[in-house]
Number of protein chains: 2
Amino acid sequence: MASELTRTPRSTAREGREKAIFEAARSVFAEFGYKGSTTAEIAKRAEIPKANLHYYFPTKEALYRAVTEDVLNTWLEAASSFDESVDPSEAIAAYVSAKMDMARQDPIGSRIWANEILRGAPVIGDFLETTLLDWLKSRETIVRRWIKAGKLVALEPRYFFYMIWATTQHYADFEGQMAALNGGKPLSDAQFEAAKAQVIATLLRGVLPSGT
Amino acid sequence: MASELTRTPRSTAREGREKAIFEAARSVFAEFGYKGSTTAEIAKRAEIPKANLHYYFPTKEALYRAVTEDVLNTWLEAASSFDESVDPSEAIAAYVSAKMDMARQDPIGSRIWANEILRGAPVIGDFLETTLLDWLKSRETIVRRWIKAGKLVALEPRYFFYMIWATTQHYADFEGQMAALNGGKPLSDAQFEAAKAQVIATLLRGVLPSGT
DNA sequence: GTCTATAATCGGATAGAC
DNA sequence: GTCTATCCGATTATAGAC
């Protein structure tokens, strides 16, 4: 019938509401952390009654876990950009660039991660000890190979990755501080691109041998 | 009398309890942020009844403000280490070293700051826009002078300071993540000193002209 | 000054009407 | 599927005994 053809399919309506709740939850969890967030505030930002939220996500923790899992998947996607080149300077530039773009496009995801670490990582602790550690170890091997080949100065790869993570995620996690120092306005696209270019340049200069 | 001489003076007893509450509050606020923290948990960690806490600090917010103000003072103390030398390489090394030591010795202070920024800096916003911005501007002037004198490569000073802040504070804010990647144990003193030396070396190499 | 008891409110979750 | 009404434990804060 007409109603069958014109109305939004049931499953799509559900997906739309779930997505609204999900996005609202992301913004609240990013701002207040798990404990400081309330289902009432999430429901308010999703513009639905609180009870309705509990219909789609039975508990606050289930909603938090769904949000967190999504953040980890996004992180892994960006991580893959490290592999796309064999030359250290290209690999590092591509990875840092991807992480900077991620900080710009999805600062909320980065903040959810930061809040989770700050409270002791009760939910993503396993991910850190397994998937993340595996990723890190395998990339450390690549970096050590570069060092042996004289393509990179001698350094402990792990602390170099920490430096990359810190610097890039700072543009997401401390966006508010940067805005306060920028006349109350977030970095413009031009400012951000300048920052990104400088971060890449300083990091590369810091680890590539002289005269490269 | 004997009791006058042997017992802890009244003011000292008060100071001791205030300090216990203060330290407990620091650890709780650092872990859960303002909203996620409860006065009950703070009282528990201070090992006093909850009502007693409210005697010394009338409200949760008053306690939070006291804790936050202390963090800002500590930050400013470390900031002064940037001035102690005129040579860029020495000034930068001294500042980064001081910030790294701060991250190691007072990670809680750094985490309180991070949590405050993550929720939009409602309490320290004024500090950021006035004192911190003034500090940053004056140091940018110094850095620009070095660049003009050929002592530093061309760069936007602000993003360089962001890089220093990000990298050093990462060792406080993401200590939990680093521990998870280090077999569940925090960085040893030796590991931390190696990281600190590498951070300084990479940053200096990244901004000093070739052959310095 | 200290602490027990409690008021007042908030927050997570559910029952049950529609 | 949706939402109003509500339960009940948690949380901030205070009153008032000691």
Side-chain angles (χ1 to χ4, degrees), chain A residues 1 3-4 6-68 112 115 119 122-123, chain B residues 3-4 6-68 115 119 122-123:
Chain A
M1 307 299 121
S3 67
E4 273 291 330
T6 54
R7 77 151 182 254
T8 307
R10 200 171 295 173
S11 62
T12 304
R14 164 180 273 271
E15 281 162 23
R17 276 175 218 110
E18 274 184 3
K19 191 146 199 283
I21 295 167
F22 193 83
E23 278 308 312
R26 277 171 50 84
S27 76
V28 174
F29 285 134
E31 195 171 333
F32 301 109
Y34 178 74
K35 269 211 72 187
S37 297
T38 64
T39 54
E41 179 62 24
I42 294 170
K44 189 180 162 193
R45 292 194 193 182
E47 294 177 59
I48 55 155
K50 188 172 58 162
N52 201 353
L53 181 153
H54 281 96
Y55 173 72
Y56 289 101
F57 295 91
T59 67
K60 175 182 167 181
E61 191 180 342
L63 178 52
Y64 180 75
R65 283 182 183 274
V67 162
T68 302
I112 291 166
N115 266 308
R119 69 172 183 138
V123 168
Chain B
S3 68
E4 272 291 329
T6 53
R7 79 151 181 254
T8 307
R10 199 171 296 173
S11 61
T12 303
R14 164 179 273 272
E15 280 161 24
R17 273 172 220 113
E18 274 184 2
K19 191 144 200 284
I21 296 168
F22 193 83
E23 278 309 312
R26 279 171 49 84
S27 77
V28 174
F29 285 134
E31 195 170 335
F32 302 109
Y34 178 75
K35 271 210 72 186
S37 297
T38 65
T39 54
E41 178 63 24
I42 294 169
K44 189 180 163 194
R45 293 194 192 182
E47 295 177 58
I48 55 155
K50 189 174 56 164
N52 202 352
L53 180 155
H54 280 96
Y55 172 74
Y56 288 101
F57 296 91
T59 65
K60 175 182 167 180
E61 190 180 343
L63 178 53
Y64 179 75
R65 284 182 183 275
V67 161
T68 303
N115 267 308
R119 67 172 185 141
V123 168

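Here is the naming used below: chain letters follow the sequence lines, and residue numbers restart at 1 for every chain.
Among the protein residues, B:F57 comes within range of no part of the nucleic acid, since none of its heavy atoms lies under 4.0 Å from any strand. When heavy atoms are screened at a 4.0 angstrom cut-off, B:A40 is found touching the sugar-phosphate backbone but no base atom.
Proximity note for B:Y56 (side chain, C-beta onward) versus C:dT2, D:dT4, D:dT12: the nearest is C:dT2. Side-chain proximity of A:R17 to the nucleotides D:dT12, D:dT2, C:dG12 is greatest for D:dT2. For B:H54, counting side-chain heavy atoms from C-beta on, the closest listed nucleotide (C:dG12, D:dA13, C:dG1) is D:dA13. With C:dT2, C:dC3, D:dT12 as the choices, the nucleotide that has an atom nearest any side-chain atom of B:P49 turns out to be C:dC3.
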Please set out all donor-acceptor pairs under 3.5 angstrom arising from side-chain atoms of residues 36-43 of chain A, sequence neighbours excluded.
| unit_1 | atom_1 | unit_2 | atom_2 | d |
| --- | --- | --- | --- | --- |
| A:S37 | OG | A:V28 | O | 3.2 |
| A:S37 | OG | A:G33 | O | 2.5 |
| A:T38 | OG1 | A:E41 | N | 3.1 |
| A:E41 | OE2 | A:R45 | NE | 2.8 |
| A:E41 | OE2 | A:R45 | NH2 | 3.4 |

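One interatomic measurement links the two molecules: CD of B:E18 to P of C:dG1, which rounds to 9 Å at whole-angstrom precision. Atom CD1 in B:I48 sits roughly 14 Å away from atom P in C:dG1 (whole-Å rounding). B:K35 has its NZ atom 11 Å from the P atom of D:dT12, to the nearest Å. At whole-Å resolution of the value, NZ in A:K60 and P in C:dA13 are 8 Å apart. Protein atom CD of A:E41 is 9 Å distant from nucleotide atom P of C:dG11, rounded to whole Å. Rounded to whole angstrom, the span from the NZ atom of B:K44 across to the P atom of D:dA10 amounts to 12 Å. A straight line from CG of A:L63 to P of C:dG11 spans 16 Å, rounded to a whole angstrom. Note: CD (B:E47) to P (C:dT2) measures 16 Å, nearest angstrom.
Evaluation of atom-type donor-acceptor distances gives no pair under 3.5 Å for the side chain of A:K50 against the base of C:dG11.
Between A:T39 and C:dG11, a side-chain N or O to OP1/OP2 separation shorter than 4.0 Å is absent. Distances shorter than 4.0 Å separate none of the side-chain N or O atoms of B:Y55 from OP1 or OP2 on C:dT2.
Residues A:R14 and A:E18 are paired through a salt bridge, judged by an N-O separation under 4.0 Å between the basic side chain and the carboxylate.
In this structure, A:K35 places its NZ atom where more than 12 heavy-atom neighbours from other residues, nucleotides or ligands lie under 6.0 Å away.
The ring-ring contact (aromatic ring centres under 6.0 Å, His included) analysis of residues 16-48 of chain A, with sequence neighbours excluded, yields the pairs A:F29-A:Y64, A:Y34-A:Y64.
For the atom pair B:Y55 OH and B:R17 CZ, the distance stands at 9.5 Å (nearest 0.5 Å).
Toward the 5' end of DNA chain D, the nearer of the two residues A:N52 and B:T59, judged by each one's closest nucleotide, is A:N52.
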